[in-house]
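Heavy atoms only: backbone and side chains are in, while hydrogens, waters and symmetry mates are out. Worth saying up front: this structure is predicted, and the values here are computed from it rather than measured.
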Amino acid sequence: MATDHIRYDVLARDALRGVLRRVLTDAAEHGLPGDHHFFITFVSTADGVKLSPRLLAQYPEEMTVILQHQFWDLVVTEERFEVGLSFGGIPERLVVPFSSIKSFFDPSVQFGLQFETTDGAAAPADEKPAAPVPATSAVAAPAKDPEDEPAKPSEGAEVVRLDRFRKK
């Protein structure tokens, strides 16, 4: 097999992270349009991730946040995003580098992205994927089933696992 000197995998990963960055930047500037909302899963111990000790103890490996109705002060830079969310009625400020993000999903339009984490944000060693996954891939979401719809958060943000959206 020939050596990939161009590193198409890195170029594609960075381009798709650019999609995520652009979507979050638009949300920060204009709010979320229509029914759009985002599930973002990231490695909680990755370099640059900032969580309170309480959240880190609760989610020691990975965490999924939902940006929908109750978030504030969303700030997006080239390398990360910061957002205010409420967990159990307690306001928290999260800092999440794009390199720590494992997946992004917008259930309103069934669009998702999966990323292989980088820069010290590797998945735990005991986590074995079912099949090899390319560095970055667009995810075809399953057909909408009302039973699979996440419950609307009543107060604050809700942390959920995206396993039900992943292909088996």
> Please go through I6's hydrophobic cluster and name the other residues, only I, L, V, M, F, W, Y counting, with side-chain heavy atoms under 4.5 Å joining them.
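Besides I6, the cluster holds Y8, L11.
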
> Taking all atoms of both residues into account, what is the closest heavy-atom pair of E116 and R17, and its distance?
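Heavy atoms only, the tightest pair is O-NH2, 3.3 Å.
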
> Between L94 and F87, does a side-chain contact (heavy atoms from CB on, under 4.5 Å) hold up when you go through it step by step?
CA-CA 11 Å; L94 281 64; F87 297 89; 3.7 Å; yes

> For S52, give me all partners under side-chain hydrogen bond (donor to acceptor under 3.5 Å, both in side chains), at least two apart in sequence or on another chain.
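Checked S52 against side-chain hydrogen bond (donor to acceptor under 3.5 Å, both in side chains); matches are E92.
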
> Counting heavy atoms not belonging to D4, are there more than 12 under 6.0 Å from its CG?
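It does: D4 CG has more than 12 such atoms within range.
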
> Could you state the interatomic distance from OG1 (T3) to CZ (R7), rounded to the nearest 0.5 Å?
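Rounded to the nearest 0.5 Å, the OG1-CZ separation comes out at 11.0 Å.
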
> Who passes side-chain hydrogen bond (donor to acceptor under 3.5 Å, both in side chains) against R21, sequence neighbours left out?
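R21 satisfies side-chain hydrogen bond (donor to acceptor under 3.5 Å, both in side chains) with no other residue.
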
> CD/Q68 to CG/D35 distance, rounded to the nearest 0.5 angstrom?
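CG of D35 is found 8.5 Å from CD of Q68.
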
> Do M63 and L51 make a side-chain contact, defined as non-hydrogen atoms from C-beta onward lying under 4.5 Å apart?
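M63 reaches L51 side chain to side chain.
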
> For the CZ atom of F39 and the OG1 atom of T64, what is their distance to the nearest 0.5 Å?
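The distance works out to 8.5 Å.
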
> In the hydrophobic clustering (ILVMFWY, side-chain contacts below 4.5 Å, transitive), which residues join I90, or is it alone?
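None, because no other hydrophobic side chain comes under 4.5 Å of this residue.
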
> List for me each residue that meets salt bridge (Lys or Arg N to Asp or Glu O under 4.0 Å) alongside E29, sequence neighbours excluded, and say none if there are none.
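Partners of E29 by the salt bridge (Lys or Arg N to Asp or Glu O under 4.0 Å) criterion come out as none, since no residue qualifies.
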
> Are D9 and R13 ion-paired here, with the side-chain N under 4.0 Å from a carboxylate O?
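No, this pair does not count.
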
> Applying a strict under-4.5 Å side-chain criterion to I, L, V, M, F, W and Y, I'd like to know whether V23 and V75 cluster together.
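Not linked; separate clusters.
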
> With rounding to the nearest 0.5 Å, note down the distance linking CG in D47 to OG in S99.
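Reported value, rounded in 0.5 Å steps: 7.5 Å.
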
> Which distance, rounded to the nearest 0.5 Å, do you find between the CZ of F104 and the CG of L20?
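Atom-to-atom, F104:CZ and L20:CG are 5.5 Å apart.
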
> After noting the C-alpha distance and the side-chain angles of F105 and Q110, does the key distance pass the side-chain contact (heavy atoms from CB on, under 4.5 Å) rule?
CA-CA 7 Å; F105 185 64; Q110 299 295 298; 4.0 Å; yes

> Looking at every non-hydrogen atom in both residues, tell me the closest pair between G48 and P97 and how far apart they are.
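Nearest pair, atom of G48 first, then P97: C-CG, 3.5 Å.
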
> Give me the atom names and distance for the closest heavy-atom approach of L74 to A28.
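That closest heavy-atom pairing would be O-CB, 3.4 Å.
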
> I'd like to check the side chain to side chain contact (heavy atoms under 4.5 Å, CB included) partners of L67; sequence neighbours left out, ordered by chain and number.
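Side chain to side chain contact (heavy atoms under 4.5 Å, CB included) list for L67, sorted by chain: L24, F38, I40, F71, V83, L85.
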
> Could I get the full list of side chain to side chain contact (heavy atoms under 4.5 Å, CB included) partners for D73, not counting sequence neighbours?
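So D73 forms a side chain to side chain contact (heavy atoms under 4.5 Å, CB included) with R93.
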
> Regarding R80 and the six-membered ring of F98, is the cationic atom NZ or CZ under 6.0 Å from the ring centre and inside 45° of its axis?
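Here R80 fails the 6.0 Å and 45° test against F98.
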
> Listed by chain and number, what are the salt bridge (Lys or Arg N to Asp or Glu O under 4.0 Å) partners of E79, not counting sequence neighbours?
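With sequence neighbours excluded, E79 shows a salt bridge (Lys or Arg N to Asp or Glu O under 4.0 Å) to no residue whatsoever.
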
> Would you find a donor on one side and an acceptor on the other, under 3.5 Å apart, between the side chain of S44 and the backbone of E61?
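Side chain of S44 to backbone of E61, a donor-acceptor pair under 3.5 Å: yes, one is there.
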
> For P91 and W72, work out which heavy atoms get closest and say how close.
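Where P91 meets W72 most closely, the heavy atoms are CB-CZ2, 3.8 Å.
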
> Return yes when atom CZ of R22 has more than 12 non-hydrogen atoms of other residues, nucleotides or ligands closer than 6.0 Å, and no otherwise.
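Atom CZ in R22 is not crowded, with 12 or fewer foreign heavy atoms closer than 6.0 Å.
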
> Honestly curious: do F81 and V95 fall in one hydrophobic cluster under the side-chain, below-4.5 Å linking rule?
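No, no single cluster joins them.
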
> Considering non-hydrogen atoms only, spot the tightest contact between I101 and F115 and give its length.
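Result for this residue pair: O-CB, 3.3 Å.
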
